[in-house]
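Supplied in C-alpha cells, the structure appears directly below.
Note on naming: letters A, B, ... go to the chains in the order of the sequence lines (proteins, then strands), and numbering restarts at 1 for each one.
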Amino acid sequence: MKILVPIKQVPDTATQVKIGADPKGIDTTGITWIVSPYDEYAVEEALRIKEKRGQGEVVAVTLGSERAKEALRSCLAMGADRALHLSDPAWENADTLTVARALAAVIKQEAPQLVLFGRQAIDDDMGAMPAQVAELLGWPCASWIMEETISDDGKSVRAGRQVEGALDIFNIPLPCVLSAQKGLNEPRYPTLKGIMGAKKKEIKDVKAADLGLAADGAQLLVVALEALPPRPPGRVIPGEPAEAVKELVRSLREDAKAI
Amino acid sequence: MGLMKIFNEEHEMFRAAVRSFVDKEVAPHVEEWEAAGQIPRAIWPRMGALGFLGVEFDEKYGGAGADFLTTAVLCEELGRSRSGSLAMAVGVHTDMASPHLYYTGSEALKEKYLPAICRGEKLCAIAVTEPGGGSDVAAIRTRARKEGNHYVLNGSKMFITNGIMADLHFVAARLEAGDAEKRHRGISMFLVERESPGFSVSRKLDKMGMRASDTAELAFQDMVVPAENLLGQEGKGFYEVMRIFQRERLIAGLHAVSMCDRALEDTIAYARQRHAFGGPLTGKQVIRHKLADLATLIEAGRWLTYAACFKFQNREEAVKEISMVKLFTAEMANRVAYECVQIHGGYGYMREYAIERFARDVRLFTIGGGTSEIMKEIIAKEMEL
C-alpha cells in the first residue's frame with residue numbers, strides 16, 4: 001500500500017514568535033524549525049500501517065522553501081521511503097487553495113491508496129488542507145482521527161474520529177484522506193541509523209510545470225500581522241478565603257461575565 | 001553556534017532525537033533511579049535500538065558508522081539530562097570500555113561481542129584502577145600468567161563504574177613485572193566475561209554523587225580468561241589504554257560543559273522567579289554579574305572542548321589540549337556548582353532541588369578519569385618543562 005503524507009515545516013513549539021520587519025510575516029531569525037507535530041502523528045501512523053502490512057511505501061511531501069527539505073529529511077530519518085519537495089516561484093505566496101491544488105496534482109501523479117495529513121499545521125492553524133485536497137480529488141475524508149484500521153484486503157479503512165465525549169466511527173472506501181489528531185499514536189524518534197540512512201534516500205524536486213500547473217493568483221492574501229494587545233495584569237483578591245471566593249465569583253459573574 | 005559551525009544537519013537531527021528520548025524516557029525517572037542507586041537494565045536495549053551505544057562502530061558490527069562529533073552530541077544531550085549518572089554509565093560503556101575491543105580486538109572477538117554491545121544486551125565496564133593506585137596506571141599489580149590456552153588473573157580492581165551490572169569487563173593486568181626504567185612494560189588488556197570462573201564483585205560502593213550509576217570493587221582469584229580474549233599485543237596494552245584515556249577525558253569535558261549548561265539554566269530560572277528585597281534575584285547586580293561570570297566561564301570551557309574535539313576527530317595528536325579540557329572543565333564545573341548552590345540559597349542545599357545533586361555529581365570530575373593534579377603533570381610534560 002502506498003501512503004502519501006503531506007507535511008509542513010513550522011517553527012518549534014517553544015518559539016517566541018515576533019512579527020517581522022515586513023509585518024506580513026514573522027521574524028525568522030534564530031527560529032528552530034521542526035515538522036509540525038500533528039504531521040508527525042501522520043508519518044508515524046503511515047509507518048505503522050506499512051510495518052503491520054509487511055509491505056508498502058511511505059512518501060513524504062511538502063511545499064515550501066529550500067529550508068523545508070530539512071523537514072523532509074526528518075521524515076526520511078523516521079522511516080519514510082522517499083520524499084517529494086514542491087518548490088517553485090509560482091508558489092511563493094500560495095494560499096491554502098493553491099497549495100491544495102498542488103498537493104492534489106501530485107497525489108494524482110503518485111496515486112497512493114491513502115493520504116494521511118496532520119489535522120492542522122501549528123503555525124497558522126488554518127486546518128484547511130485535508131478537506132480542500134479531498135474535495136479537489138473527490139475522495140472521502142475523515143478529520144481528527146484517533147484510530148484507524150485498514151481492512152485486510154486494503155480496500156477500506158475503519159477510522160474513529162474524535163467528537164465530544166465519543167468516537168465517531170466510519171468505514172471509508174480507499175483511496176481516501178485522513179487527518180491525524182493528537183493521541184493517534186506516539187511518534188517514534190529517529191534512530192541514529194535512520195538519520196545516517198536518510199541522506200541516501202531520494203528527495204525529488206517537483207516544479208509547478210511538472211504537475212501541469214500554472215501560477216494562479218492567491219485568493220487569500222495576508223494583509224498584515226498584528227500583535228495582540230498585552231494581557232492586562234492579573235488581579236489578586238486579598239482577604240480570608242471565604243470572603244475572597246465570594247468576591248471572585250462576583251467578579252467572574254459581573255465584571256468578566258465569564259459565568 | 002555563531003560563526004563557527006560545528007555540527008551539521010544530521011548532528012542536529014540526532015540531537016533532537018536524543019533530547020526527545022531524554023525528555024520522555026529519562027527525565028521522569030531521574031529521582032527514582034537516584035534513590036534506587038541504579039539505572040534499570042531495560043533502558044539499555046532501548047538506547048541500543050536508537051543507535052546510542054555504537055555511534056562510531058562500523059555497521060557490520062551493529063554500529064551506526066557515525067563520526068566523533070555525533071558521539072559529542074550524545075554526550076552533550078545526556079549531560080543535559082540532569083542525570084550525571086546516566087551520562088557516565090553510557091560514556092563508560094560506549095567510549096571508555098568497548099573502544100578497547102573495537103580498536104584493539106581481533107576480528108573474531110569483535111564479531112562475537114560488538115553486536116550485543118551495540119544492542120545494549122551486553123554492558124561494559126573498564127577495570128584499570130586498583131585499591132592501591134588510580135592515577136599511577138603503571139603501578140598496576142593485577143597479574144596475568146599464561147597457562148596453555150588461557151590466562152590466569154589474580155588481583156583486585158577499585159571504583160569500577162558499571163561494575164555491578166556489566167557483563168563484559170575490560171581488565172588491565174600485568175603479564176610481567178615492570179622495571180624502574182619501563183614501569184609500563186607488561187601491561188595488557190583482557191576482555192573478561194562476568195561468568196568467568198574466579199571473577200567476583202567484592203562489594204557495591206556507596207558514593208557521594210553519581211548515585212544512580214553503580215560502582216564496584218572487583219576481585220579476581222585464579223580467574224580463567226581464554227587466550228583469545230587478550231586485546232592487542234601481549235604486553236603492549238598500556239599504550240592502547242592511554243590512547244583511549246584521551247577519548248575518555250574528552251567525553252568527561254563534554255559532560256562537564258553540558259551539565260553546567262543545564263545547571264546554569266536551572267539557576268537562571270530560579271533567580272528569575274525568586275524575589276528578595278522587592279524584586280527578582282536577576283535584578284540584583286551581585287547576582288547578575290555572578291550569572292554573567294558563570295556563562296562566560298562555561299562558554300570558554302565549551303570552546304576549549306570543541307577545539308580538542310576537532311583535533312581528536314581529525315586524528316591529530318592532542319594529549320596536551322585534551323588534558324587541558326579535562327583540567328579546565330572539571331575545575332569549572334565545581335566552581336559553577338558552588339555558585340549555583342549559593343544563588344539557590346537554602347533551597348540549593350535541599351535534596352529536592354536538582355542543583356544539589358549536580359553539585360555532588362560534578363565533584364567527581366576533578367578526580368575520576370585522571371585527577372586535576374595528573375592533568376597538570378601531563379600538560380607540564382607536554383610543555384617540556
Problem set entry | Residue B/Val55 versus chain A: region with a heavy atom under 4.5 Å |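 Both the backbone and the side chain of B/Val55 come within 4.5 Å of chain A.
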Problem set entry | CZ (B/Arg41) with more than 12 external heavy atoms under 6.0 Å |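 It does: B/Arg41 CZ has more than 12 such atoms within range.
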Exercise. Checking A/Arg188 against chain B: side chain, backbone, both or neither under 4.5 Å from a heavy atom?
Worked result: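 Contact with chain B is absent: no heavy atom of A/Arg188 under 4.5 Å.
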For this session: Evaluate the side-chain proximity of A/Glu186 to B/Lys24: yes if any heavy-atom separation is below 4.5 Å, no if none is.
Result: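 They are in contact (side-chain heavy atoms under 4.5 Å apart), so the answer is yes.
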Exercise. Is atom CZ of A/Arg53 surrounded by more than 12 heavy atoms (other residues, nucleotides or ligands) closer than 6.0 Å?
Worked result: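 Correct, the count exceeds 12.
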For this session: Looking only at non-hydrogen atoms, find the nearest pair between A/Ala77 and B/Met13 and report the distance.
Result: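 It is CB-SD, 3.6 Å.
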For this session: Please report the closest heavy-atom contact between A/Leu192 and B/Gly51, naming both atoms and the distance.
Result: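 Heavy atoms of A/Leu192 and B/Gly51 come nearest at CD2-O, 3.5 Å.
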Exercise. If you draw a 6.0 Å radius around NZ in A/Lys24, do more than 12 non-hydrogen atoms from other residues or ligands fall strictly inside?
Worked result: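 No, NZ of A/Lys24 has 12 or fewer neighbouring heavy atoms, counting only those of other groups under 6.0 Å.
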Problem set entry | Heavy atoms of other groups near A/Arg67 CZ, more than 12 under 6.0 Å |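 Check passes, neighbour count above 12.
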Exercise. If every non-hydrogen atom of B/Ala49 is compared with every non-hydrogen atom of A/Thr191, which pair is closest and at what distance?
Worked result: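 So the two residues come closest at O-CG2, 3.3 Å.
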For this session: Can you measure from SG (B/Cys118) to NZ (A/Lys193) and round to the nearest 0.5 angstrom?
Result: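 The NZ atom of A/Lys193 is 7.0 Å from SG of B/Cys118, to the nearest 0.5 Å.
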For this session: Select one option (side chain, backbone, both, neither) describing which atoms of B/Glu10 are under 4.5 Å from chain A's heavy atoms.
Result: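 For B/Glu10, the contact with chain A is made by backbone and side chain together.
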Problem set entry | For the student: nearest non-hydrogen atoms of A/Pro190 and B/Ala17, plus distance |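 In this case the closest contact between A/Pro190 and B/Ala17 is O-CB, 3.5 Å.
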Exercise. Which pair of non-hydrogen atoms, one from A/Met196 and one from B/Gly65, has the smallest distance, and what is that distance?
Worked result: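 Looks like CE-O, 3.6 Å.
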Problem set entry | Residues in salt bridge (Lys or Arg N to Asp or Glu O under 4.0 Å) contact with B/Lys311, at least two apart in sequence or another chain |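 With neighbours one apart ignored, the set is B/Glu321.
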For this session: Measure the CD-OG distance between B/Glu9 and A/Ser74 for me, rounded to the nearest 0.5 Å.
Result: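 It is 7.5 Å, given to the nearest 0.5 Å.
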For this session: Report, as yes or no, whether the 6.0 Å neighbourhood of atom CD on A/Glu240 holds more than 12 heavy atoms from other residues, nucleotides or ligands.
Result: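 Open.
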For this session: Decide yes or no for B/Leu50 and A/Tyr189: does some side-chain heavy atom of the first lie under 4.5 Å from some side-chain heavy atom of the second?
Result: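 B/Leu50 reaches A/Tyr189 side chain to side chain.
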Problem set entry | Which residues share a ring-ring contact (aromatic ring centres under 6.0 Å, His included) with B/Tyr103, sequence neighbours left out |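 With sequence neighbours excluded, B/Tyr103 shows a ring-ring contact (aromatic ring centres under 6.0 Å, His included) to no residue whatsoever.
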Exercise. Are more than 12 heavy atoms from other residues, nucleotides or ligands located less than 6.0 Å from atom NZ of A/Lys204?
Worked result: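 Atom NZ in A/Lys204 is not packed in, count stays at 12 or less.
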